[in-house]
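Inspection log for the structure reproduced underneath, given as structure tokens.
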Amino acid sequence: MDFAVSRTGTTLVTLHGGSETTASDEAMATLADTFETLAAEGAIADWELGDTEVYEHPTGPFDPYTIALEFSVTVTVVAADADDAVESGASAIDAALTDADVDVVSYASSPTASAV
């Protein structure tokens with residue numbers, strides 16, 4: 001049976017930006033590009049970006065911003081039941097994010113599965 005497994009989390013993106021707003025917009029665009037690539041490759045089925053927040057302000061004029069970005073991703077897996085789907089879906093999400101160099105990921109909740 002096919003299941004859609006979703007997970008919500010936060011990741012950090014560090015980059016140079018002229019202002020807090022510019023850095024947040026650039027971080028969101030960078031992560032969106034990454035998720036679009038993962039979706040095009042079939043590694044994830046769907047994604048959504050949420051709020052951004054400056055995690056760490058620069059301490060000097062040439063230091064980068066670190067932006068915290070909320071996201072949710074969904075993968076489709078074939079499994080015998082919802083418990084197996086959650087396990088394999090969580091592994092697939094972790095692998096996709098690792099392969100795309102999405103670092104410093106913390107999950108807000110456990111993965112959820114629903115039959116497709």
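All values derive from a computational prediction rather than experimental measurement. The residues of the chain are indexed from 1 along the displayed sequence.
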Under 3.5 Å donor-acceptor pairs involving side-chain atoms of residues 94-114, not counting sequence neighbours:
residue: Asp94; atom: OD1; partner: Tyr107; partner atom: OH; Å: 2.6
residue: Thr98; atom: OG1; partner: Asp94; partner atom: O; Å: 2.8

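- Applying the 6.0 Å contact sphere to CD of Glu48 captures no more than 12 heavy atoms from other residues, nucleotides or ligands.
- Side-chain contact between Thr8 and Glu70 is absent, with no heavy atoms from C-beta onward closer than 4.5 Å.
- Residues passing the ring pair (Phe, Tyr, Trp, His ring centres under 6.0 Å) test with Phe35, sequence neighbours excluded: Trp47, Phe71.
- To the nearest 0.5 Å, atoms OG1 (Thr21) and CD (Glu26) are separated by 12.5 Å.
- Note on Leu12 and Leu38: separate hydrophobic clusters, where clusters join Ile, Leu, Val, Met, Phe, Trp and Tyr whose side-chain heavy atoms are under 4.5 Å apart, directly or indirectly.
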Got a list of side-chain donor-acceptor pairs under 3.5 Å for residues 74-81, not counting sequence neighbours?
residue: Thr74; atom: OG1; partner: Ser6; partner atom: OG; Å: 2.8
residue: Asp81; atom: OD1; partner: Asp83; partner atom: N; Å: 3.2
residue: Asp81; atom: OD1; partner: Asp84; partner atom: N; Å: 2.8

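- Atom CE of residue Met28 and atom CG of residue Asp51 lie 7.5 Å apart, to the nearest 0.5 angstrom.
- Every residue two or more places apart in sequence or in another chain was checked for a side-chain contact (heavy atoms from CB on, under 4.5 Å) with Glu53, and none qualifies.
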Contacts table for residues 58-67: side-chain donor-acceptor under 3.5 angstrom, sequence neighbours left out:
residue: Thr59; atom: OG1; partner: Asp63; partner atom: OD2; Å: 2.6
residue: Asp63; atom: OD2; partner: Gly60; partner atom: N; Å: 3.0
residue: Tyr65; atom: OH; partner: Glu20; partner atom: N; Å: 3.4
residue: Thr66; atom: OG1; partner: Thr14; partner atom: OG1; Å: 3.0

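- With hydrophobic clusters built from ILVMFWY side chains whose heavy atoms lie under 4.5 angstrom apart, Val5 shares a cluster with Met1.
- The two residues Leu15 and Ala23 come nearest to each other via the heavy atoms CD1-O, 3.7 Å.
- Residues satisfying the side-chain contact (heavy atoms from CB on, under 4.5 Å) criterion with Thr37, sequence neighbours excluded, are Glu41.
- Applying the under-4.5 Å side-chain rule to Ile, Leu, Val, Met, Phe, Trp and Tyr, the cluster around Val86 consists of that residue alone.
- Both Leu49 and Val13 are assigned to one and the same hydrophobic cluster, defined by single-linkage of ILVMFWY side chains at heavy-atom distances under 4.5 Å.
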